[in-house]
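Note sheet for the following structure.
So that the names make sense, note that chain A is the first sequence line, chain B the second, and so on, each numbered from 1. Since we're looking at a predicted model, the values are computed, not measured.
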2 protein chains.
Amino acid sequence: MYSAMASIGFAQESTYTGPIELTGDGGGQRVLILGAGLAGLTAALELRAAGYEVQILEYREKAGGRCWTLRGGDAYTEMGGATQSVDFDEGNYFNPGPWRIPYNHYAILDYCRRLGVELQPFIQENHNAYLHRSEAFGGAPQRYREVATDFRGHVAELLAKATNSGALDEELTEEDRALLLEALRDYGTLTEDYAYVMSEETSDYRGFERWPGGGRNAKGVPSEPMDLETLLDSRLWRWLPDAETVHHQQAIFQPVGGMDMIARAFEREVGDVITYNAKVVSLRQDETGVTAGYVDAAAPGEVTEITADWCVCTIPFSILGQMDHGFSGTRARAIETMYYADGFKAGLEFRRRFWEEDEHIYGGITYTDLPISLISYPSNDYLKSGGGVLLGAYCWGAPAYQFNAMQPDERTRWVLEYGARIHPQYPDEFKTAVSVPWHKVPWVLGCYGIWEDKERDYEETVRMGEGDRIALAGEHLSYLPAWQEGAILSALDAIQQLHERATAQR
Amino acid sequence: MYSAMASIGFAQESTYTGPIELTGDGGGQRVLILGAGLAGLTAALELRAAGYEVQILEYREKAGGRCWTLRGGDAYTEMGGATQSVDFDEGNYFNPGPWRIPYNHYAILDYCRRLGVELQPFIQENHNAYLHRSEAFGGAPQRYREVATDFRGHVAELLAKATNSGALDEELTEEDRALLLEALRDYGTLTEDYAYVMSEETSDYRGFERWPGGGRNAKGVPSEPMDLETLLDSRLWRWLPDAETVHHQQAIFQPVGGMDMIARAFEREVGDVITYNAKVVSLRQDETGVTAGYVDAAAPGEVTEITADWCVCTIPFSILGQMDHGFSGTRARAIETMYYADGFKAGLEFRRRFWEEDEHIYGGITYTDLPISLISYPSNDYLKSGGGVLLGAYCWGAPAYQFNAMQPDERTRWVLEYGARIHPQYPDEFKTAVSVPWHKVPWVLGCYGIWEDKERDYEETVRMGEGDRIALAGEHLSYLPAWQEGAILSALDAIQQLHERATAQR
């Protein structure tokens with residue numbers, strides 16, 4: 001069967017080829033795992049299954065790390081001391097960190113399957129959501145379907161013109177020119193004469209001025225496309241390909257009930273080996289083993305020392321670099337030079353799902369050039385009466401730093417002010433908010449790790465060197481930074497290395 | 001609030017503007033409704049609420065009409081007498097008729113909300129599903145993401161070339177040329193020099209030869225785009241815009257558990273006024289009322305006559321034209337000249353969800369030039385162990401007529417044979433099938449109504465004329481033919497007309 005599959009081209013393209021098989025047995029050797037994010041949880045689950053005695057130290061009071069969901073009743077204290085108490089209604093939630101799982105993230109999908117985490121489609125692209133630029137169309141948001149259709153139409157019309165004028169005769173054979181024209185007519189919904197015009201056909205893509213109905217006077221009234229110059233000047237085209245990347249293209253998922261359902265599922269398996277509220281302050285390895293020191297995260301006092309034969313360290317380098325870690329060489333350089341991306345997210349609860357009721361937007365993303373960058377509508381509980389939680393801001397770079405510098409109430413005020421320019425219902429319907437600037441998250445101090453020189457340092461950092469008893473893992477040690485898949489794949493490679501050494505030495 | 005909404009452009013564009021309000025009261029006048037499809041059910045629900053005494057005659061043993069779901073334990077007998085017994089596992093189902101609800105179908109979505117029908121996303125577009133043409137790539141299916149990315153890339157590169165060569169100088173100002181080039185670079189993932197090439201950037205859209213991972217040797221290996229000539233000759237581009245139409249674009253839904261959950265929800269409301277297994281054989285109106293005759297559909301014998309003050313007739317014209325209907329003029333001409341589209345669908349149950357497990361396809365559609373036309377993967381129960389039901393064929397035109405001419409077993413054999421060219425797992429994993437050629441469905445004899453001359457006959461047919469006591473409704477009396485929305489909107493207009501007359505006469 002596999003060869004038949006490979007021959008038609010759907011052999012496994014991922015580095016993940018199914019559940020890890022650690023041949024041989026850990027024989028009760030002790031592995032200390034630092035961090036109960038998805039990398040640490042994966043390592044614990046698989047190493048214990050392979051016969052190791054595992055223990056996890058976790059800074060927080062629960063597992064998951066950035067795989068994190070805030071719900072009503074939760075409280076969160078950021079760097080600087082501001083505490084936000086979440087006042088969402090039952091069933092509503094906000095994922096400050098990862099919020100979607102693409103189909104090509106085979107490892108995390110397989111863990112969801114194995115651990116019984118129910119998934120539902122995440123709606124990335126919504127043709128009825130908006131593209132918005134403050135200086136285009138007098139600040140009025142435009143529907144995605146209108147911009148996308150008009151862009152395809154005008155591009156197809158221009159290329160057909162160039163083709164018919166002979167401008168591409170050197171590029172294309174006569175046969176290919178004919179095929180290209182046929183393709184452009186399809187792709188751009190052009191007329192027989194290769195023109196992009198107002199018609200029922202183009203409205204069948206961009207939407208109607210009045211939609212077709214039933215009974216009397218029910219014929220649809222076509223909508224007028226925007227002209228090429230207006231479209232180009234609007235710059236709204238800049239967001240068109242966003243749902244086409246492998247990270248966002250369909251199918252793409254979210255766990256039912258919040259991203260941390262994955263953390264909870266792992267926790268059901270390995271929660272018994274986690275020491276919570278344990279802030280690691282030192283880490284050392286020698287020929288015989290590994291020693292870590294930790295304190296109570298809530299009330300730092302006496303240092304407890306713990307030893308093991310091996311260690312999987314998933315602590316973000318932003319944190320690891322601040323402790324007494326004892327690494328040297330390339331690893332030390334990577335730890336010291338890695339910086340952590342900014343990132344800001346705000347969850348807004350509204351009393352009414354006005355985006356569905358008034359605007360017929362079910363899931364998906366509105367993009368804007370305002371500092372909030374985007375608004376994402378919930379991909380669940382469609383048509384439900386009562387309230388819902390919008391992702392009211394998800395930004396990076398300068399705007400994220402601006403939000404980072406504000407206290408929670410001020411952040412909320414600005415997020416609401418910007419969002420109201422797209423959804424005027426904001427002031428009337430707003431109930432409560434919670435927001436997370438990632439540089440203020442005490443246990444990671446940023447969103448994800450960025451290498452100073454990945455070509456130079458990466459392989460030597462992820463590879464356990466001669467005599468190393470510490471394997472490093474986490475999203476920062478992957479080519480899928482910021483993604484949970486990167487964390488899991490990194491952990492699987494780390495424990496593979498660790499296991500090879502541990503079994504070789506026995 | 002409404003004026004604020006209208007000013008930013010999201011006033012209601014549909015003919016449906018919320019629950020119908022029939023002012024005044026039916027005062028107990030009797031309305032006979034023919035057909036318990038969504039049009040008849042809507043009419044019954046709303047007219048009863050407005051004070052009419054309603055009664056429905058329905059040919060089948062249950063409500064819904066083409067809003068129909070087949071499950072394990074069901075049996076279905078088509079014209080010609082062949083009976084198929086459905087042997088699906090618990091929880092699996094197949095919708096022979098409508099299977100998706102676009103976000104712009106406001107009326108049916110509102111009835112789902114009012115009647116508590118739970119919806120879930122229908123996945124129309126899946127970048128990891130296939131495009132397949134027997135004569136392209138030696139018959140090997142290609143991933144949608146590869147064809148879509150390469151098409152955008154080559155089109156953008158060609159148009160950039162033409163723009164830079166001056167071929168469009170008469171079409172575009174210098175400023176617009178600069179904006180167009182910038183847009184094309186984004187849209188087509190072009191290099192600084194406007195070339196579409198193999199790179200990490202293009203692989204971030206079309207997918208990688210080896211996907212990026214974590215730990216050692218985890219860098220992604222880019223994939224090689226297909227060259228322009230191969231792409232054009234493949235003709236696989238013909239299916240690219242299919243998910244962009246207003247009928248297929250996101251957000252789009254399906255009821256959880258099968259399309260007939262909508263019929264069942266209506267049935268809970270008005271099931272008490274439905275006479276099932278009632279085959280209408282005659283229909284007459286005069287100045288005082290309406291008379292219909294019907295027989296037992298299972299064992300036709302004596303004709304029962306029933307009278308009422310008014311009638312809403314939702315019987316498809318393919319059936320109405322064969323009975324003693326008494327219509328004249330334009331209505332009679334429309335009834336006699338309307339023909340019904342062909343259409344064929346097959347549901348295939350497999351023992352294993354191999355499309356997910358082996359090929360990472362979660363929902364969405366594979367298109368092919370084979371007679372099956374497409375394969376659609378279930379938009380529910382992702383990652384579930386055990387079997388699932390594929391839509392193994394959904395075709396029109398010549399292939400539908402070919403399937404129509406076959407007995408069920410022969411249809412299954414061919415659907416499997418064609419599908420196996422795309423999914424070689426078919427023979428090993430197949431469990432059972434059920435298929436429906438719509439020209440053999442006894443109560444409609446086709447898929448949906450097509451007008452001989454809609455401009456000529458439509459308005460006079462849907463409008464109740466002087467002295468008419470019969471209103472006509474159904475998808476065929478709409479500008480959304482074949483869609484449930486058309487049936488519902490048509491029914492709402494029909495009862496509006498009926499109500500105006502009934503209240504004017506009191």
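- Heavy-atom pairs under 4.5 Å with chain B were tallied for Leu480(A), Thr173(A), Asp176(A); the largest tally goes to Asp176(A).
- Interface summary for chain A: among Leu158(B), Leu119(B), Leu477(B), the most heavy-atom pairs under 4.5 angstrom belong to Leu158(B).
- Comparing Val221(B), Leu228(B), Leu180(B), Thr149(B) by heavy-atom pairs within less than 4.5 Å of chain A, the highest count is held by Leu180(B).
- The parts of Tyr362(B) that come within reach of chain A are both its backbone and its side chain, each placing non-hydrogen atoms under 4.5 angstrom from that chain.
- Ranked by heavy-atom pairs shorter than 4.5 Å toward chain B, the options Leu179(A), Leu472(A), Thr461(A) are led by Leu179(A).
- Neither the backbone nor the side chain of Ala494(B) comes within contact range of chain A; no heavy atoms are under 4.5 Å apart.
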- Message: Please evaluate residues Asn126(B) and Tyr377(B) with respect to the criterion side chain to side chain donor-acceptor pair (under 3.5 Å), reporting the C-alpha separation (whole Å), side-chain torsions for both, the decisive distance (0.1 Å), and the verdict.
- Response: CA-CA 10 Å; Asn126(B) 187 322; Tyr377(B) 312 92; over 6 Å; no
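- Contacts of Glu201(A) with chain B are absent, with no heavy-atom separation under 4.5 Å from either backbone or side chain.
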- Apply side chain to side chain donor-acceptor pair (under 3.5 Å) to Glu356(B) and Tyr382(B), showing your working. CA-CA 8 Å; Glu356(B) 297 186 354; Tyr382(B) 304 109; over 6 Å; no
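- Contacts of Asn380(B) with chain A are absent, with no heavy-atom separation under 4.5 Å from either backbone or side chain.
- Neither the backbone nor the side chain of Leu231(B) comes within contact range of chain A; no heavy atom of the residue lies under 4.5 Å from a heavy atom of that chain.
- Of the listed residues Gln120(B), His105(B), Arg463(B), Arg235(B), the one with more heavy-atom pairs under 4.5 angstrom with chain A than any other is Arg235(B).
- Residues Leu159(A) and Val155(B) form a side-chain contact, since some pair of their non-hydrogen atoms from C-beta on lies under 4.5 Å apart.
- Between Pro121(B) and Ile123(A) the shortest side-chain heavy-atom distance falls below 4.5 Å.
- Panel note: side chain Arg143(A), backbone Asn128(A); a donor-acceptor pair is recorded below 3.5 Å.
- Using a 4.5 Å cut-off between heavy atoms, Lys219(B) contacts chain A through both its backbone and its side chain.
- Counting heavy-atom pairs closer than 4.5 Å to chain A, the top residue among Leu184(B), Leu240(B), Asn217(B) is Asn217(B).
- Between the side chain of Glu485(A) and the backbone N or O of Gly213(B) there is no donor-acceptor pair closer than 3.5 Å.
- Heavy atoms closer than 4.5 Å to chain A are found in both the backbone and the side chain of Glu182(B).
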- Message: Could you walk me through whether Tyr144(A) and Gln249(B) satisfy the side chain to side chain donor-acceptor pair (under 3.5 Å) test, starting with their C-alpha distance in whole Å, then the side-chain angles of each, then the deciding distance to 0.1 Å, before giving a yes or no?
- Response: CA-CA 11 Å; Tyr144(A) 178 92; Gln249(B) 63 187 214; over 6 Å; no
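- Using a 4.5 Å cut-off between heavy atoms, Asp381(B) makes no contact with chain A at all.
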- Message: Before you tell me yes or no, could you show the steps for His248(A) and Glu125(A) under side chain to side chain donor-acceptor pair (under 3.5 Å), namely the whole-Å CA-CA distance, both residues' side-chain angles and the distance that decides it to 0.1 Å?
- Response: CA-CA 8 Å; His248(A) 297 163; Glu125(A) 179 177 77; over 6 Å; no
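- Separating the CD atom in Glu244(A) from the CZ atom in Arg152(B) is a distance of 4.5 Å, to the nearest 0.5 Å.
- Proximity to chain A is absent for every atom of Glu460(B), based on heavy atoms less than 4.5 angstrom apart.
- Residues Phe137(A) and Leu236(A) have side chains in contact (heavy-atom distance under 4.5 Å, counting atoms from C-beta outward).
- Residues satisfying the ring-ring contact (aromatic ring centres under 6.0 Å, His included) test with Tyr458(B), not counting sequence neighbours, are Trp451(B), Tyr479(B).
- By number of non-hydrogen pairs under 4.5 angstrom with chain B, the leading residue of Ala162(A), Ala218(A), Gly220(A), Ala156(A) is Ala218(A).
- Only the side chain of Leu168(B) has a heavy atom closer than 4.5 Å to any heavy atom of chain A.
- Using a 4.5 Å cut-off between heavy atoms, Ala243(B) contacts chain A through its backbone alone, with no side-chain atom that close.
- In this structure, chain B has a heavy atom under 4.5 Å from the side chain of Phe151(A), while its backbone stays farther away.
- Only the side chain of Phe253(B) comes within less than 4.5 Å of a heavy atom of chain A; its backbone N, CA, C and O stay farther away.
- When the candidates Thr245(B), Thr189(B), Leu172(B) are compared by the number of heavy-atom contacts under 4.5 Å with chain A, Thr245(B) comes out ahead.
- Taking chain A as the reference chain and counting heavy-atom pairs below 4.5 Å, the highest number among Gln124(B), Glu118(B), Lys161(B) is found for Lys161(B).
- Remark: His132(A) pairs with no residue by the ring-ring contact (aromatic ring centres under 6.0 Å, His included) rule, at least two apart or across chains.
- Between the side chain of Ser223(B) and the main chain of Gly207(B), a donor-acceptor pair closer than 3.5 Å is present.
- Salt-bridge check for Asp186(B) with Arg238(A): failed, with every basic side-chain N at 4.0 Å or more from each acidic carboxylate O.
- With a 4.5 Å cut-off on non-hydrogen atoms, Ile361(A) does not touch chain B at all.
- Using a 4.5 Å cut-off between heavy atoms, Glu171(B) contacts chain A through its side chain alone, with no backbone atom that close.
- The part of Glu459(B) that comes within reach of chain A is its side chain, from C-beta onward, which places non-hydrogen atoms under 4.5 angstrom from that chain.
- Asp233(A) touches chain B through backbone and side chain together, each having a heavy atom under 4.5 Å away.
- Within the 4.5 angstrom heavy-atom criterion, only backbone atoms of Ser203(B) (N, CA, C, O) approach chain A.
- When each of Glu146(A), Gln142(A), Glu359(A) is paired with Tyr130(A), the side-chain hydrogen bond (donor to acceptor under 3.5 Å, both in side chains) condition holds for Glu359(A) and for no other.
- Within the 3.5 Å criterion, the main-chain N or O of Ala487(B) finds no donor-acceptor partner in the side chain of Ser478(B).
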